Amino acid sequence: MERSAQRLGRALVVVVDDRIAQGEQEDNIGPLVTELLEEAGFIVDGTVAVAGETVDIRNALNTAVIGGVDVVITVGGTGVSPRDVTPDATAGVLDRPVPGIAEALRASGLAAGAVDAGVSRGLVGVSGSTLVVNLAGSRSSVRDGMATLTPLVAHVIEQLSGLDTP
């Protein structure tokens with residue numbers, strides 16, 4: 001039984017940005033991720049903005065996993081500055097890392113000229129039956145990352161749901 005091409009599953013977007021979380025700046029990256037997920041065939045449950053705090057990020061990820069989404073995409077906080085703690089928070093939520101996807105996101109981003117994607121410490125892995133993906137925060141990183149990720153996500157979701165087994 002294959003999932004419909006129209007509906008790959010449910011997704012949640014977590015934007016990690018202090019200014020957006022505090023309402024000081026408009027979120028222009030969450031809507032982009034939502035649009036790209038919907039174009040790929042996902043139903044997006046929503047966008048959550050959180051501050052760059054380990055506890056806030058971890059709580060958002062745990063809520064997504066408990067809520068049963070198939071994929072949660074975090075955007076931002078993946079670099080090397082002291083406030084970039086998204087990968088650290090994510091590591092505490094993952095049951096199993098999927099380093100090949102994370103490496104593909106870095107390589108394709110760097111090849112496309114998205115420097116923040118190339119130096120991203122972002123992780124990809126599985127928590128329960130949810131795929132968790134950290135993307136760098138620039139629009140170019142998001143666009144390139146989603147183009148790289150989209151063909152892989154359907155395969156991962158099928159494996160997690162058991163739909164690819166005879």
Side-chain angles (χ1 to χ4, degrees), residues 2-17 27-50 57 60-65 67-79 84-91 93-164:
E2 285 189 47
R3 290 182 184 246
S4 164
Q6 255 96 44
R7 290 193 172 170
L8 286 176
R10 291 176 40 229
L12 181 76
V13 178
V14 177
V15 176
V16 180
D17 186 291
D27 177 15
N28 63 10
I29 205 76
L32 173 61
V33 179
T34 297
E35 178 185 331
L36 295 170
L37 282 165
E38 288 173 344
E39 285 176 5
F42 284 92
I43 297 167
V44 180
D45 286 0
T47 300
V48 177
V50 298
I57 299 164
L61 293 174
N62 282 325
T63 299
V65 171
V69 298
D70 296 293
V71 63
V72 57
I73 307 285
T74 71
V75 183
T78 64
D84 290 335
V85 297
T86 301
D88 310 293
T90 301
V93 173
L94 297 180
D95 297 325
R96 293 177 286 155
V98 185
I101 296 176
E103 293 305 324
L105 292 171
R106 278 187 273 282
S108 66
L110 195 55
V115 175
D116 62 328
V119 298
S120 172
R121 299 181 307 116
L123 300 177
V124 177
V126 175
S127 180
S129 61
T130 300
L131 179 66
V132 180
V133 179
N134 298 154
L135 293 178
S138 71
R139 291 180 70 80
S140 60
S141 292
V142 166
R143 286 188 188 282
D144 182 74
M146 289 301 296
T148 301
L149 184 65
T150 298
L152 303 172
V153 172
H155 178 71
V156 173
I157 289 172
E158 284 178 5
Q159 286 188 325
L160 291 173
S161 68
L163 293 177
D164 73 333

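These numbers were taken from a predicted model, which means no experiment stands behind them.
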Counting N and O atoms only, with roles assigned by atom type, does the side chain of Ser141 sit under 3.5 Å from a partner on the main chain of Gly137, one being a donor and the other an acceptor?
no
Can you name the closest pair of heavy atoms from Ala136 and Val142 and give their distance?
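Shortest heavy-atom contact: O-CG2, 3.8 Å.
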Heavy-atom side-chain proximity of [X] to [Y] below 4.5 angstrom:
X      : Y     : answer
Leu8   : Asp70 : no
Thr63  : Leu12 : no
Val14  : Val16 : yes
Val126 : Val98 : yes
Leu61  : Thr74 : yes

Atom pair [atom1]/[atom2] of [X] and [Y] - distance to nearest 0.5 Å:
X      : Y      : atom1 : atom2 : value
Glu158 : His155 : CD    : NE2   : 8.0 Å
Asp95  : Ser129 : CG    : OG    : 9.5 Å
Thr130 : Ile157 : OG1   : CD1   : 9.0 Å

Please walk me through it: do Leu135 and Met146 pass side chain to side chain contact (heavy atoms under 4.5 Å, CB included)?
CA-CA 9 Å; Leu135 293 178; Met146 289 301 296; 4.0 Å; yes
Option from Leu36, Thr34, Thr150, Val153 for which side-chain contact (heavy atoms from CB on, under 4.5 Å) with Phe42 holds
Val153
Report the residue from Val93, Asp88, Thr86 that forms a side-chain contact (heavy atoms from CB on, under 4.5 Å) with Ile57.
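Looking at Val93, Asp88, Thr86, the match for Ile57 under the side-chain contact (heavy atoms from CB on, under 4.5 Å) is Thr86.
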Side-chain donor-acceptor contact under 3.5 Å, Thr78 with Asn134
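Not at all, the side chains of Thr78 and Asn134 share no donor-acceptor pair under 3.5 Å.
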Can you check side chain to side chain contact (heavy atoms under 4.5 Å, CB included) on Arg139 and Asn28, steps first, answer last?
CA-CA 9 Å; Arg139 291 180 70 80; Asn28 63 10; 4.2 Å; yes
Start with the C-alpha distance between Val133 and Leu105, add both sets of side-chain angles, then the distance that settles side chain to side chain contact (heavy atoms under 4.5 Å, CB included), and finish with yes or no.
CA-CA 10 Å; Val133 179; Leu105 292 171; 3.9 Å; yes
Kindly indicate, with the supporting measurements, whether the criterion side chain to side chain contact (heavy atoms under 4.5 Å, CB included) is fulfilled by Val124 and Leu131.
CA-CA 7 Å; Val124 177; Leu131 179 66; 3.8 Å; yes
